[in-house]
Amino acid sequence: MTFAQILAPDFDLEKTLDSGQVFHWQKIGKAFWGTIGQLPLSVEQQANALKIHSAAMELDRLKRSSSEGARNVKARRELEEVVAHYFSLDHPLAEICAAFPRDPAMTGARNFCRGLRIIRQPHWECLATFITSSMKQVAHIRHISLTLRKRYGESKQTLGHQVFTFPSAERIAELTEQDLRACALGYRAKNLRATARLVAGGEANLEAWSTLPNDALRSQLCDLPGVGPKVANCVMLFAYERLRAFPIDVWIERVLRQQYFPRKRKVTAQQLRDFCDRYFGDHGGYAQQYLFHHARKGARQKARKPGQVVSPGDLRYDSPVKRSTPLPRNERRKETKP
DNA sequence: CTCCAGGGATGAT
DNA sequence: ATCATCCATGGA
C-alpha cells in the first residue's frame, strides 16, 4: 500500500468527478474509489490537499531501487505524478476562467464551478464510454460503465475495496453483440464492438492521433461507428486535451439558445457551432463544461419533489436575458447535422 | 433539409 | 401497475 498527499489548490474533486466528463468513480464515505488507467486508488480531498491511497504500483523501475525506503519514495512520487496529471492540476485555471467571456451566463457558471477541472482520461476508455453515452442520461452511463468494468475489466483489490479497470479494446473486440447488449448497451452494442475491432486491429490508432490537428482528429473520430460530432468533441476534450472542443448536447443547446439567442426562433445547429467557436475561443471546452455543470446542478429550477430528476426543460436563470415562461415543447429544435 | 428507430432507467399517473 | 420522457447517431 502506498499513501501520498499532494497540494491541489483551485481544485474541487467532487465537482470534477460529478460534472459528466467521467463516470466510474464511486464515492464511499468522503473518498472516491476508482482507477486511473490500470492503477486502482482512492482519492479524498481535504481543503487544498488530496489524500491518495493505492495498492503497490506495478512499475518495473521501482524494483531497481535497492532499499525498501527508496522504493517507497519512488512509488509515492510516481503516484503523485499520475494523480496530478490525471486531474490536470497543471492547468492554469485562474487564467482560463479570467479569459471567459463577460456575460451573465458565464459569470454564474464560473462562480458555481470554482475548482472544476477538465481531466485527462485514457483515450480508449473515454472513447468507449462516450460511445455508450449516446441517448443516455448520466445515471445510465454510470451503470453501463460499471457493468462493463465488472464483467470484462480486471478486478483490483485496494485496502479491502474492489475496483475494476475498463476493459481493453482487444477484450471488447472478442465479445459478441449479445454480450454487450447484456450490459444494457442496447443498439450501442454494435457500435462499440465495431469500434473496438477497429482499434484492436490497428486500423484506428488512437495514440498516433494525438499529434493530429483538431479538424483532422475530429474527422478520424467521426469515422468510427457510433461517433458523431458531439461524442467526437467529448473525446477530444476529455482525452486529447483539446480545450477548444465544444460538445453540444441538449443541455448546452438549451443554455445557448436561452442565453445567447433569446427569442430568436431560427438558429441552426451550424450557427450555434460557429458562434461557440468564435465567442468562447481557445478555452471553449472549459466554458462548455462550466455552463453544462451549472445548468445541470446549479441553475434555479422549478419546484419539485425530492428525488425528482432535473430535465433540460426545467432550466431557469437569474440573468437579464432569462425567459419569463418556459419554451413550449413543440418549440424545441433538434440538433441537425452539417 | 426532415423524419424517425433505438433501449432502458426513471418520473408521472 | 402502465405510460411518457429523456437523448446522439445513422440511415431513409
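Just so we're on the same page: letters track the sequence lines, and every chain starts at 1. What you are looking at is a predicted structure, and each value in this text was computed from that prediction instead of being measured.
Using a 4.0 Å cut-off, no side-chain N or O of A:Arg188 falls inside it from OP1 or OP2 of B:dG7. Look at A:Trp251 and you'll find a side-chain N or O under 4.0 angstrom from OP1 or OP2 of C:dC7.
Here B:dG7 presents its C1' atom at 14 Å from CG of A:Leu180, a figure rounded to the nearest Å. One atom, NZ of A:Lys230, and another, C1' of C:dC7, lie 9 Å apart when rounded to the nearest Å. Rounded to an integer number of Å, the gap from NE2 of A:His143 to C1' of B:dT10 is 13 Å. Between A:Leu146 atom CG and B:dA9 atom P the separation is 14 Å, expressed in whole Å.
Salt bridge status for A:Arg197 with A:Glu170: absent, with no side-chain N to carboxylate O gap under 4.0 Å. Under the 4.0 Å criterion applied to side-chain N and carboxylate O atoms, A:Asp282 and A:Arg244 are assigned as salt-bridge partners.
Taking the ring centre of A:Phe23 as origin, the terminal cationic atom of A:Lys136 falls outside the region bounded by 6.0 Å and 45° from the ring axis.
You'll find that the side chain of A:Ala139 is closest to B:dT10, out of B:dT10, B:dG7, C:dT9.
Note on A:Ile144: nothing from the nucleic acid sits closer than 4.0 angstrom, heavy atoms only.
For A:His283 and A:Phe100, the ring centers sit 6.0 Å or farther from each other.
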